[in-house]
Amino acid sequence: MWWLYQALVLATLLVVGPVLLLRRRGRDPRPLIAGRFGLSGAAAAGSGEGAVWIHAVSVGEVAVAATLARALPADLPLVITTVTPTGQERARALFAGRAEVAWHPFELGVSLTRFWRRFRPRALVLCEGDLWPLALRRARREGIPVVVVNGRISDRSFPRLRRFRPLVRRLLLAPVDHFGVQTAADRERLLALGVEAGRVTVTGNLKFEAGEPPELPGLAERIEHLAGGRPVLVAGSTMAGEEGAVLEAFALAGGGERALLVLAPRHPERFDAVYAAALARFPGTLRRSAADAASGRPPVLLLDTLGELAATYRGAFGAFVGGTLVPTGGHNPIEAARCAVPVAVGPSMENFRQIAEAFDGAAAWCRVADGVALGRLWDAWLGDPAAAREVGRRGAELVAAHRGAMARTRALLE
């Protein structure tokens, strides 16, 4: 069975791999390929020996891993893996000098063997539950404990998992020693999939435990200069199909005469296309990568740099969290809310069920149905800053009130 599984993985790589590489648009694919085949990572075989392996799929999970790492002993060696280029770049920025950062190996025996020879991990911690059957089987064979932290079972994935319950239980759930999950609903879903009650603990959501966004004085000063006294609206982590609605909203709210829009697409490969769309709608649009040498008052600033979005929220007047006007499941609003910035989101927040329920219940954000509604909301906020600040205050208080997941997660790991 395992040989057949690896043959299917290899066949899929041969078919899908070239397409994915073409989408990288000129970025050097060699580090990704070498890393995922287990050919890069620690400087020498065994140099990361005894480390705790923390796996984080992409940017959101990397943020969880960074939060978790701050609560672990400073002398505990760590290996952080991701599967996306954006996650890899973010991990290298956040864990510089603290942990080895590598790619999660492909589901091939040879890739996993190379990875194990380099790092020889003594435990595997999976952020939110990215479960790979061959990697889990290898961890079981090596006798290392496997723990899921900040786990969740999404509305979208649960029906599929339940449909293949016997296979899912055997290959994905049985090799995990313990699950620390975000909500009681996540726990009930795991029990329905056949996980024993003693292996599941509700620890809460680590995303409420995120540290203060970094202070980047150069960035703050540059945005303040470009704003020229105008309020700053931030549209963060936008997805394909959303930027048009955001630009429409900005126009309805008065455009560049009234505010500066900082537009931050989620995926770097879309920077060029989003810049072209923004420039066509608002001439004078500027890219952040060229902003240090620019002057004037651009209507839109495209944030085409990584690792600066959280700091951008510090000086924002209002924020829209992307991935919510299109059916992608939503993104985390906490980075903006903890800065007391009033937050707007669309209807799609399925992947953040607990957070969405808490924000809805506390009136700690504003829901919008489309770009027109977002434009009207931004227009109202700009016309009544005190009302906008009140929404931001409720958001910050909500984030502060939901602390505690870190202590419970650390106790579970210990």
Side-chain contact, heavy-atom cut-off 4.5 Å: [X] with [Y]?
X      : Y      : value
Val101 : Val79  : no
Leu279 : Val300 : no
Asp155 : Asn351 : no
Leu134 : Arg138 : no
Arg137 : Leu112 : no
Trp365 : Pro333 : yes
Arg266 : Val59  : yes
Pro268 : Leu306 : yes

So, [X] side chain and [Y] main chain: donor-acceptor pair closer than 3.5 Å or not?
X      : Y      : value
Glu61  : Ser58  : yes
Asp384 : Trp381 : no
Ser157 : Ile153 : no
Arg288 : Leu303 : no
Arg376 : Ala253 : no
Arg169 : Gly194 : yes
His402 : Phe208 : no
Glu248 : Gly371 : no
Arg114 : Phe37  : yes
Arg152 : Gln182 : no

So Asp177 and Arg140, salt bridge (Lys or Arg N to Asp or Glu O under 4.0 Å) or not? Walk me through it.
CA-CA 10 Å; Asp177 292 281; Arg140 179 62 70 193; 3.8 Å; yes

[X] side, atom [atom1]; [Y] side, atom [atom2] - distance, nearest 0.5 Å:
X      : Y      : atom1 : atom2 : answer
Ile54  : Thr81  : CD1   : OG1   : 9.5 Å
Thr12  : Leu10  : OG1   : CG    : 8.5 Å
Phe320 : Ser237 : CZ    : OG    : 10.0 Å
Leu173 : Leu161 : CG    : CG    : 7.5 Å
Leu190 : Glu196 : CG    : CD    : 11.0 Å
Phe179 : Arg187 : CZ    : CZ    : 12.5 Å

Take Glu350 and Arg156 through the test salt bridge (Lys or Arg N to Asp or Glu O under 4.0 Å) and record every step on the way to the result.
CA-CA 8 Å; Glu350 299 83 5; Arg156 184 179 301 178; 5.4 Å; no

The test is salt bridge (Lys or Arg N to Asp or Glu O under 4.0 Å); show your working for Glu397 and Arg394 and say whether it passes.
CA-CA 5 Å; Glu397 289 182 352; Arg394 291 196 293 266; over 6 Å; no

Say whether [X] and [Y], considering side chains only, have a donor N or O and an acceptor N or O under 3.5 Å apart.
X      : Y      : result
His55  : Asp130 : yes
Glu243 : Thr238 : yes
Thr86  : Glu89  : no
Glu209 : Thr67  : no

Using the side chain to side chain contact (heavy atoms under 4.5 Å, CB included) rule, take Val83 and Trp103 through it: C-alpha gap first, then chi angles, then the decisive distance, then the call.
CA-CA 6 Å; Val83 297; Trp103 294 90; 5.7 Å; no

What closest approach, in Å, do Leu216 and Gly307 show between heavy atoms, and which atom pair accounts for it?
CD1-O, 4.2 Å

When every non-hydrogen atom of Pro265 is compared with those of Arg270, the smallest separation belongs to CB-NH1, 4.2 Å

Please confirm whether Phe115 and Trp53 have ring centers closer than 6.0 angstrom.
yes

Does the ring center of Phe359 lie less than 6.0 Å from the ring center of Phe352?
no

Applying side chain to side chain contact (heavy atoms under 4.5 Å, CB included) to Val147 and Leu412, what does each step give before you reach the verdict?
CA-CA 9 Å; Val147 181; Leu412 173 63; 4.2 Å; yes

For a salt bridge (Lys or Arg N to Asp or Glu O under 4.0 Å) check, start with the C-alpha distance between Lys207 and Glu128, then their side-chain angles and the critical distance, and finish with the verdict.
CA-CA 11 Å; Lys207 290 182 177 177; Glu128 301 200 2; 3.1 Å; yes

Walk me through whether His178 and Thr201 qualify under side-chain hydrogen bond (donor to acceptor under 3.5 Å, both in side chains).
CA-CA 8 Å; His178 208 95; Thr201 301; 2.8 Å; yes

Given the rule in the side chain to side chain contact (heavy atoms under 4.5 Å, CB included) test, do Leu252 and Asp379 qualify, once you have shown the distances and angles that lead to the verdict?
CA-CA 7 Å; Leu252 289 172; Asp379 179 61; over 6 Å; no

Please report the C-alpha distance between Cys127 and Asn150 in whole Å, then the side-chain angles of each, then the deciding distance to 0.1 Å, and finally whether the side chain to side chain contact (heavy atoms under 4.5 Å, CB included) criterion is met.
CA-CA 6 Å; Cys127 293; Asn150 217 50; 5.9 Å; no

